[in-house]
Amino acid sequence: MDLPPPLSAADKNSFAYPTIKERLPVILAKIADTLYRTRDKIKSQYQEDVSEELKSIIGSCSKLRNEVQTNKVAVPLQDSRNDTQVWNRYLQAATEREGSPPSWFKSAWLYMECYMYRRIQESVEKCNIMKEFDVFGEQKEKSFTDSVYPTEIVMMHLLETQQKIKENAELVPEAFKLFLKVCLWGNKCDLSISGGEDNAQKSSPLEQLGKLEPNILINDSNVVLNHLCSRNCKRIDIVLDNAGFELISDLCFAEFLLSAGLCSTIYLHAKAFPWFVSDVTKKDFDWTLQMLGQINHIAVSNFAQVWKERLNNSSWILQVDDFWTLPYDYSQMETYAPDLYQSLQKSDMIFFKGDLNYRKLLGDLRWPFTTSFETCLRGFYPAPLCVLRTSKSDVLVGLPEGRDEEVKAQDEDWLVNGNWGVINACLKTK
Ligand code: F6P
Ligand code: MG
């Protein structure tokens, strides 16, 4: 099959171009500003003097910002993280393929953007004392704190739903669809699309569902539900995306699946280091559960307790794998992360959250809008899968002929403003 070319900032009409020209430099500048502004607070968290290391992280991010803006080539990584050589081999192979080293406005957008986050991590990896520091930590914590009200609303609803479905199992399908949609729209709240600016869910996540219903361009929720009900599902996987309200919505969905008897174990997949500003790391996950435990609200404190227990009894398993932050799309998982692929083969359903996961499922290629989702996966199918994604980049597939034009007439920025979403499943009968 002839594949379409990858999205790239070389195309000034793509979202790649303003992302590399404006959005990524803003994200890098924000790191430097935040670290400088909060330097005293950061220093006070360490026993030893971290002034020099902090200065070096700030300097590296400012330098990287200049490299992006002046279209420099991607230089090899120089830290000793266990994925350094994988990245450098990728850069070498891309250099051979392209005839010169990858650069910001010429090469595939997906990998240049991933490379930026890996370079930020390099600046932290080179430290001795600040090795575990998260340059986006403050932004993620603020986004959680700003979302306490919707968190309380959705958890209260979950608590009430659990009670109702205990008494009447016929309520499960409607409730399933509701929590699936809360989980989908939770993906609106990432801090990468907003350039690190405040993008937290603040209003009731339930009240917005009706208004957003027509914005779900593909809705396979019935197919997914039938699949889950028609077999004795044991394991469901959720490949997490952002911390903050999106994580809360994912955990509520995971809790719902278990309490409705739709599976017995949930595997949650987190990132190995800070990624695309707000993606969940293990540290964010633990911090979030700890914070929930401190909120004085009947439903929130209930679930804080229940979820701690779920981790202890392994009905929730949090997994971290380097693959999610490597320069590969998911069609390459079987080759480069065979253990992860084989583990996912044991799943009854894998939910992929968010825009970046969608881009990696599709290889971030310029597929025509009408291409089928399955074609775009290019053979990636460890198990039945479903993507829950609000659109924040140019690639979107599985639409009927002419639908893209209709939506565009209604909303010029439909592909990138996060107000349109897909619940798109691929279920093959093996
Ligand atoms: O910076 C662009 C981008 O890759 C967009 O595609 C998307 O807005 C964001 O970063 C990541 O979004 P998500 O958190 O939904 O994966
Ligand atoms: Mg994200």
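Each ligand, and each atom within it, is numbered from 1 in the order the structure gives. Because only heavy atoms are used, hydrogens play no part in the values below, and waters and symmetry mates are left out as well, while side chains stay in.
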Ligand 1 N/O within reach of Leu356 N/O, cut-off under 3.5 Å: yes

Ligand 1 N/O within reach of Thr19 N/O, cut-off under 3.5 Å: no

Contact partition for Lys353 relative to ligand 1, non-hydrogen atoms under 4.0 Å: neither

Trp109, any N or O under 3.5 Å of ligand 1 N or O: no

Numbering as shown, the atoms of ligand 1 that approach Asp241 to under 4.0 Å (heavy-atom distance): 13 (P), 14 (O), 15 (O), 16 (O)

Test item: Glu125 side-chain N/O and Ser80 main-chain N/O as donor-acceptor pair under 3.5 Å: no

Arg81 to Trp87, cation-pi by 6.0 Å centre distance and 45° axis angle: no

Asn187: numbered ligand 1 atoms lying under 4.0 Å from its heavy atoms: 15 (O)

Check: Phe351 ring centre within less than 6.0 Å of Phe253 ring centre: yes

Asp355 N/O under 3.5 Å from ligand 1 N/O: yes

Heavy atoms of other groups near Glu213 CD, more than 12 under 6.0 Å: yes

Heteroatom N/O/S of Asn242 within less than 2.8 Å of the Mg ion (ligand 2): yes

Lys/Arg cation over aromatic Tyr115: Arg118, 6.0 Å, 45° cone: no

Side-chain donor or acceptor of Asn88 paired with backbone N/O of Pro76 under 3.5 Å: no

Per atom 2 (C) of ligand 1, closest listed option by heavy atom (Lys392, Glu246, Glu113): Glu113

Name of the Asp279 atom (N/O/S only) found closest to the Mg ion (ligand 2): OD1

side-chain hydrogen bond (donor to acceptor under 3.5 Å, both in side chains) between Thr70 and Lys72, intermediate numbers included: CA-CA 6 Å; Thr70 54; Lys72 292 282 183 309; 3.0 Å; yes

Ligand 1 contacted by Arg389 (non-hydrogen, < 4.0 Å): no

Considering only N, O or S atoms of Asp241, the one closest to the Mg ion (ligand 2): OD1

Phe369 six-ring centre to Arg403 NZ/CZ under 6.0 Å and within 45° of normal: no

